[in-house]
Amino acid sequence: MLIQKLLFVTTASLLLINTVVVATEKHLTLVYAGNMPDIGISTHGTYSNLASLLETVRAEETPTVFTFAGGSLGPSPLSSLDKGSHIIDILNTLEPDLMTLTKREFSYSEDELTLRSYEAAFPLISSNIYDPLTDNNLEGISSTYIAEKNDIKIGFISILDEEVVTEYLLKRLQVVDPRDVIQREIAFLRAQKVDLIALTYAKERDYYHTLLSENQIDFALRVLPTSEQNSTFQQTNKIYSVATRAPFVLLRMRWDSDSDNKNLMIDVPKLDRALLPGNPTTSSLIKKYNQRLNRLLGQQIGTWGTQINTSRNLVRTQEAPFGNLVADSIRGYLQTDIAFVNAGDIRGEKSYNKGDPITRHDIVTELPFRNTITGLFITGAQIKKALEHSVSQVQQINGRFLQISGLSFTYRPDNPDNQRVQTILINKEPIIPSKTYTLAISNYLANGGDEYSVFLNTKRQQASTQKQPLISEIVTRSIQQQKIIYPSIENRIKRITK
């Protein structure tokens, strides 16, 4: 009898031990999407395809978190009119758990972003920005967020690139170094006993990989910059990306909730995004917005007399016919000696055939930012400095590269900084460093955009009492006057490689 009693106790103890050591596995589906500014483009997947995917996974037993990565409020033809409101409207129908911010969310100023946050039925997150007006985050933006689904809690930390301040000429917003911010948010999220911690970002830093390897964060989500989109989207070390050619991904996640190491496993099913069925409700909403855009911008204004390509690899590295058209148009409008256009303003990434009609929509697609025109007085020495800055990051396909009118120059890309530009001709005559010339540029460049500090030290021409037109409007008028457009290469910019 005693033996049987001992045996019962021993067996019960073994059962108890087994119960303790068997981990409870948790499962979660995460849909990560973003980098979708233009609702008229359907090559690699649309909001309607995304809505269909969400409907499918949300019907499953496994809980779903939908994280929108941003990169979408601008620039686009419709955003040039409503500053991204239609994107928020579409997202409200998709019901994201949260949206993180990238530089593009600031295309139309920080105050416009605050207005978009009021329109959103979901939180907007950025962890490392500071606004002196609030002595805190930008109004309407949260520093972190915990998404809760059933018994699962995921904490999100979102890092904004510091370049946003200079690239988008933010007036007061400050971007804080992310290292201390991330550690503070990790401590906060751990105190909230979250299951997983996710870091979202765009600009790569070795520090992020260290956080992953030390299990301080569990996985990372990244908006892949255009310059890196030829790399593999699903990277190693639990970093998962969205990009123009892959605007949404599906992550199937599982982990041991009772283990300190979690043993997090993430599967990424292959998605043929463009072949996903469309969602009728979302498709109908997008159709209405596109019809509105066509009514406003569908008018033909001219005809292409030659083939035109506006790919970023072209307009950001060499003289481009479309760049010549824009620079010639603003120079002609202000009747200046020369004109500069930063290639980052040209966003169409399109090809037009000879004989194709030109519509207002085409021009706003190419020039979606609401930049106006400014006239400056500038010396030859300052022009040289600006051109040196233009070619300083040509290998990185940087948007600071200038398309030009009224001058020509040669440069050696392999020379040291500030020694690349070799010759400069204005009206076919050598530039005179001490002479003052007149220059037509955008208000963005005149205010130091793309780090052109040289323009801050110039005198502005007497401004008209009337509001200056947008550069896109000036180009449209120029095309309407010419009817058939024949922009071409004229050896304005010549790279010397020997």
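The model shown is predicted, which means the values in this text are computed figures rather than measured ones.
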Side chain of N294, backbone of H361: donor and acceptor closer than 3.5 Å?
no

Within the structure provided, determine whether L170 and R172 are in side-chain contact (heavy-atom separation under 4.5 Å).
no

Less than 4.5 Å apart, any side-chain heavy atom of M99 and any of P123?
no

Are there more than 12 heavy atoms of other residues, nucleotides or ligands under 6.0 Å from atom CD of E55?
no

Any donor-acceptor pair under 3.5 Å linking the side chain of K26 with the backbone of S257?
no

Between Y208 and Y201 (judged by ring centroids, cut-off 6.0 Å), do the two rings come close enough to count as a pair?
yes

Ring-face cation contact, Y207 with R179, 6.0 Å cut, 45° max
yes

Test item: S52 side-chain N/O and P277 main-chain N/O as donor-acceptor pair under 3.5 Å:
yes

Applying salt bridge (Lys or Arg N to Asp or Glu O under 4.0 Å) to E167 and not counting sequence neighbours gives K103

Any side-chain heavy-atom pair of E204 and H209 under 4.5 Å:
yes

Report the C-alpha distance between E105 and R116 in whole Å, list the side-chain angles of each, state the deciding distance to 0.1 Å, and finish with yes or no for salt bridge (Lys or Arg N to Asp or Glu O under 4.0 Å).
CA-CA 10 Å; E105 272 57 67; R116 299 294 83 77; over 6 Å; no

Check whether Q299 reaches the backbone of T359 with its side chain - one donor and one acceptor, N or O, closer than 3.5 Å.
no

Only counting residues at least two apart or in another chain, list the ones meeting salt bridge (Lys or Arg N to Asp or Glu O under 4.0 Å) with E451.
R400

